[in-house]
Structure formats: C-alpha cells, structure tokens
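Right, one structure below, let's go through it.
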Protein chains: 2
Amino acid sequence: MEKEKQTEEIIFDAAVQVFEEKGIDGARMQEIADRAGINKALLHYYFRSKEKLFDAVFDKLAGVMFKKLFSCFDNELPFEEKLKLFYQEHISFLQAHPRLPSFLLTEINKHPQRVAAIFGSERIMELRQNLFEQMDEDIENGALQDIDKMQLMIDIIALSVFPFAARGLIEIIFKQHDIDFNDFVEQRKTALPIFVINAVKEK
Amino acid sequence: MEKEKQTEEIIFDAAVQVFEEKGIDGARMQEIADRAGINKALLHYYFRSKEKLFDAVFDKLAGVMFKKLFSCFDNELPFEEKLKLFYQEHISFLQAHPRLPSFLLTEINKHPQRVAAIFGSERIMELRQNLFEQMDEDIENGALQDIDKMQLMIDIIALSVFPFAARGLIEIIFKQHDIDFNDFVEQRKTALPIFVINAVKEK
DNA sequence: GTCTATAGAAGGATAGAC
DNA sequence: GTCTATCCTTCTATAGAC
C-alpha cells in the first residue's frame with residue numbers, strides 16, 4: 001500500500017539518524033519510535049527486531065558509502081584530474097553525510113561478512129580493478145612514481161575520510177584555535193589533490 | 001594495602017580490554033568481572049559504577065594516546081628527520097595499541113569536556129606550541145612550503161592513524177588481495193615520511 | 001576485601017483490541 | 001496498519017554474610 005511504504009520509510013529514516021548517532025548498542029527502540037512519531041510496537045511490525053532494523057540501515061549506508069567512494073574514481077581522466085575530481089566529489093559527499101564514516105568504522109566489526117559481500121560484489125570489484133589498472137597506466141606513462149598502489153589508495157582515502165571520522169576530536173582542538181570545521185574541509189577539496197600529486201608524481 | 005592495589009589494577013586492566021573492544025554501551029560489567037576473575041559486586045566496591053569505571057579507563061587511554069602523539073614530535077631535529085622519527089615511533093605505538101584509535105574516536109563524543117581538559121593542559125599546550133613554532137621556522141628557512149600548519153598536522157596524523165581506525169574494514173579488503181595488515185603498516189613507517197616530505201617541501 | 005543472592009530499572013518484544 | 005498494555009529478559013547496583 002501507499003501508506004505502508006510511507007510509514008516504513010519514515011521509520012527507516014528515523015532509525016538511520018538514531019543508529020548513526022548512538023550505534024547499535026547505544027540506540028533505543030523507544031527513541032527511534034519517538035523520532036518517527038509512532039510507537040515501539042509498530043517498529044516490530046515492520047522490521048521484526050532491533051537487529052533486523054539495524055541490518056537494513058547498515059546495509060544501506062555501507063552501500064551508499066562504498067559505491068560513492070569508488071565511483072568518484074570511475075572516469076578516464078589522467079591521474080591528476082582524477083584526483084581533483086575525487087576530492088571535490090568525495091568531500092562534498094562527506095559534508096552531506098558527516099556521521100557516516102565514524103558510524104561505519106565503528107559498526108563494521110559486527111558485520112564482517114556483510115561488508116565482505118559488498119566488496120566482493122561485481123560492481124565494486126569492477127570499479128576497484130579499473131582504478132588499479134588506471135594507476136598502472138599512469139605509472140607506465142611516467143605520471144606516477146612506481147609506488148605501492150594499495151598504500152596509495154589508503155593514503156588518498158585517509159586524507160579525505162579521517163577528518164570526518166575524527167570530527168568530534170578535531171572540533172575540540174579547532175575551538176581552541178578558532179578554526180571552523182566546514183571551512184577546514186572545504187579547503188581540503190583543492191589542497192589535497194596538490195598534496196597527493198606532489199607526493200607521488202615522477203620528478 | 002598491597003592486595004587492594006593489585007585487585008584494582010586487575011579490574012582496571014580487564015575493563016580496558018572490554019571497553020576497547022565493545023565500547024561503553026556494548027560492554028557488560030559481568031564480562032569485565034569474568035575477565036578479571038572476580039565477581040560483579042567487587043567491581044562496584046572499587047569503582048562504584050560502570051560510568052565511573054569507564055571514565056577512569058577513558059581518561060587513562062586518552063592521556064596515553066595524546067601524550068604519545070605530541071611527544072613524538074618533541075625534539076629539535078630538522079623537519080625531515082622529525083617526520084621519520086615520528087612515523088617510526090607513532091606507528092610502533094599504534095601496533096602495540098591497535099584498538100586505541102577506534103575506541104577513542106567512537107567514545108570521544110560522550111566526553112567532550114574531558115577531552116577539552118586534556119588538550120587544554122599545560123603539557124599538551126606546550127608540546128603543540130613547540131610543534132607549530134618549529135614548523136614556522138622550517139617555513140622561514142625554506143625547508144617547508146608556506147602551507148596551513150593545521151592542515152598539515154591533520155594530514156600527517158591521518159596517514160598514520162587512519163589504517164588503525166579503519167582496521168576492521170581494511171582487513172576485509174586485504175584478505176581479498178592477500179595482503180597482511182602488519183606488513184602493510186610496517187612499510188608505512190618508512191614510506192610515509194617520504195610521502196609527506198615530497199608533498200610539502202619547497203622545490 | 002570478597003562472595004552470594006537479590007532488588008530494581010530498562011529495554012526489546014508480543015498479545016490483543018480497534 | 002496502528003495503538004495500549006504488559007511480559008520477560010538482561011543488566012546495573014546493593015544488601016548482607018563471611
């Protein structure tokens with residue numbers, strides 16, 4: 001029914017908020033119900049248990065995050081341009097979903113098999129392979145030093161994701177220096193591609 | 001008494017393990033008691049409540065982490081040497097305390113005031129100021145580009161800490177590529193200083 | 001200081017009316 | 001499909017014996 005779909009979505013969205021903020025252990029079904037404007041019984045009617053509701057939320061968010069991560073790299077631009085586009089798009093994405101990194105990094109241990117499934121999916125495997133092949137080309141044509149591709153991939157992602165994963169901490173430090181978090185990450189959209197390119201381009 | 005001190009330490013160490021692994025919400029007093037080889041009542045005898053026990057653990061671990069972080073930079077070496085020493089020492093520290101980053105990043109939101117106190121402490125303020133002054137010198141004497149010092153500080157830390165914060169996720173990906181996490185971070189001790197220096201040194 | 005036993009509260013889940 | 005009322009388990013915390 002129309003009504004059914006709507007309620008389910010409202011509940012799901014409320015659950016996303018609460019789980020992102022509190023994690024599965026800290027989240028309360030009562031709070032999710034309150035935020036959705038319904039009662040606890042209805043949560044169970046739609047999702048059966050807290051565990052299953054969490055699973056649904058986790059799968060959705062993990063899928064969104066990882067697809068975005070790799071698709072930002074999915075183009076035929078030369079390495080330097082690819083990097084510029086990546087940080088632009090990826091940091092914009094993180095600005096729109098600032099709690100996603102710490103949520104996923106915290107809860108991922110409870111779902112190793114689910115995450116493995118995502119990374120083993122056709123689409124993600126393909127994107128990752130594309131990325132690595134393009135790096136190989138860039139190494140061959142001399143745009144890139146002959147460095148460890150996995151190390152570089154982690155370096156690149158660390159630089160965009162870490163500030164969001166550590167946001168709570170960073171904001172405390174920034175307050176003491178009168179720095180605004182949003183300004184800070186906004187700057188990184190253009191600063192990081194330069195940083196990384198200097199680090200790895202062939203001299 | 002001798003006995004008293006000993007028991008308190010045993011409980012504390014057990015609490016460190018369980019809180020690091022499960023977080024405050026996921027941790028159970030029963031599990032801490034079991035791991036300490038005593039019963040629940042004794043936990044409350046020594047620490048009064050779960051909350052207070054957690055506070056003690058959190059303060060200790062946060063102190064250890066942040067003091068180590070800044071003290072690794074506390075020397076008069078030129079920038080390049082400082083970086084080499086930092087990554088060597090800091091990654092070794094993280095290898096010895098692999099769960100620390102994700103524990104702190106997750107729980108930090110529940111203790112903003114406590115964390116602010118640590119970062120406002122004399123010792124930490126002093127270490128941080130030293131670090132920034134040394135960066136200024138390196139910029140003046142031309143060893144370093146004239147870049148944003150806060151940005152650079154976050155870049156440097158992101159590169160060492162992120163792999164540990166994201167360890168659960170990274171190990172899943174590495175399994176698909178037959179890469180060993182420990183080998184991976186070991187390599188970073190020497191690779192990261194080069195990476196960062198290339199990124200920021202004056203041409 | 002350490003234990004057993006239990007109180008008391010919280011939270012996930014379900015029954016049953018509408 | 002949605003609500004109220006309530007069950008039942010789990011967990012923190014304490015009382016009281018040794």
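Labels below follow one simple rule: chain letters A, B, ... track the order of the sequence lines, proteins then strands, and each chain is numbered from 1.
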Within the structure, does a side-chain N or O atom of [X] lie under 4.0 Å from either OP1 or OP2 of [N]?
X     : N      : answer
A:T7  : D:dT2  : yes
A:H44 : C:dT14 : no
B:R28 : D:dT12 : yes
A:Y45 : D:dC3  : no
A:N39 : D:dT2  : no

Interatomic distance where [atom1] belongs to [X] and [atom2] belongs to [N] [whole Å]:
X     : N      : atom1 : atom2 : result
B:E31 : D:dT10 : CD    : P     : 15 Å
B:Q30 : C:dC3  : CD    : C1'   : 13 Å
B:E9  : C:dG1  : CD    : P     : 14 Å
A:L43 : C:dG12 : CG    : P     : 10 Å
B:D34 : C:dC3  : CG    : P     : 12 Å
B:K50 : D:dA13 : NZ    : C1'   : 12 Å
A:I10 : D:dT2  : CD1   : C1'   : 13 Å
B:I32 : D:dC11 : CD1   : P     : 12 Å

**OP:** Assess the side chains of B:Q176 and A:R128: does a donor N or O sit below 3.5 Å from an acceptor N or O?
**Re:**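 Note: B:Q176 and A:R128 side chains meet the donor-acceptor criterion.
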
**OP:** Consider only side-chain N and O atoms of A:Q134 and A:K149, and report whether a donor and an acceptor are under 3.5 Å apart.
**Re:** no

Original post:
With a 4.0 Å cut-off, would you call A:K68 and A:E89 a salt bridge?
Top reply: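 A salt bridge is present here (some side-chain N lies under 4.0 Å from a carboxylate O).
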
**OP:** Using a strict cut-off of less than 4.0 Å between a Lys/Arg side-chain nitrogen and an Asp/Glu carboxylate oxygen, indicate whether B:K50 and B:D25 qualify as a salt bridge.
**Re:** no

Measuring from the side chain of [X] (C-beta onward, heavy atoms only), which nucleotide among [options] has the closest atom?
X     : options               : result
B:R48 : C:dT14, D:dC3, D:dT14 : D:dT14
A:M29 : D:dC3, C:dA13, C:dC3  : C:dA13
B:Y46 : D:dT12, C:dG1, C:dA15 : C:dG1

**OP:** Quick one: label B:I38 by what it contacts on the DNA or RNA (base, sugar-phosphate, nothing), any heavy atom closer than 4.0 Å.
**Re:**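 Sugar-phosphate, no base atom in range.
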
Original post:
Is B:A33 touching bases, backbone alone, or none of the nucleic acid, heavy atoms closer than 4.0 Å?
Top reply: nothing

**OP:** Enter the distance from A:K40:NZ to A:D34:CG here, rounded to the nearest 0.5 Å.
**Re:**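 Atom-to-atom, A:K40:NZ and A:D34:CG are 10.0 Å apart.
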
Subject >> Distance-only donor-acceptor test (3.5 Å): side chain A:K40, base C:dG11 >> reply: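 Such a pair does not exist between side chain and base.
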
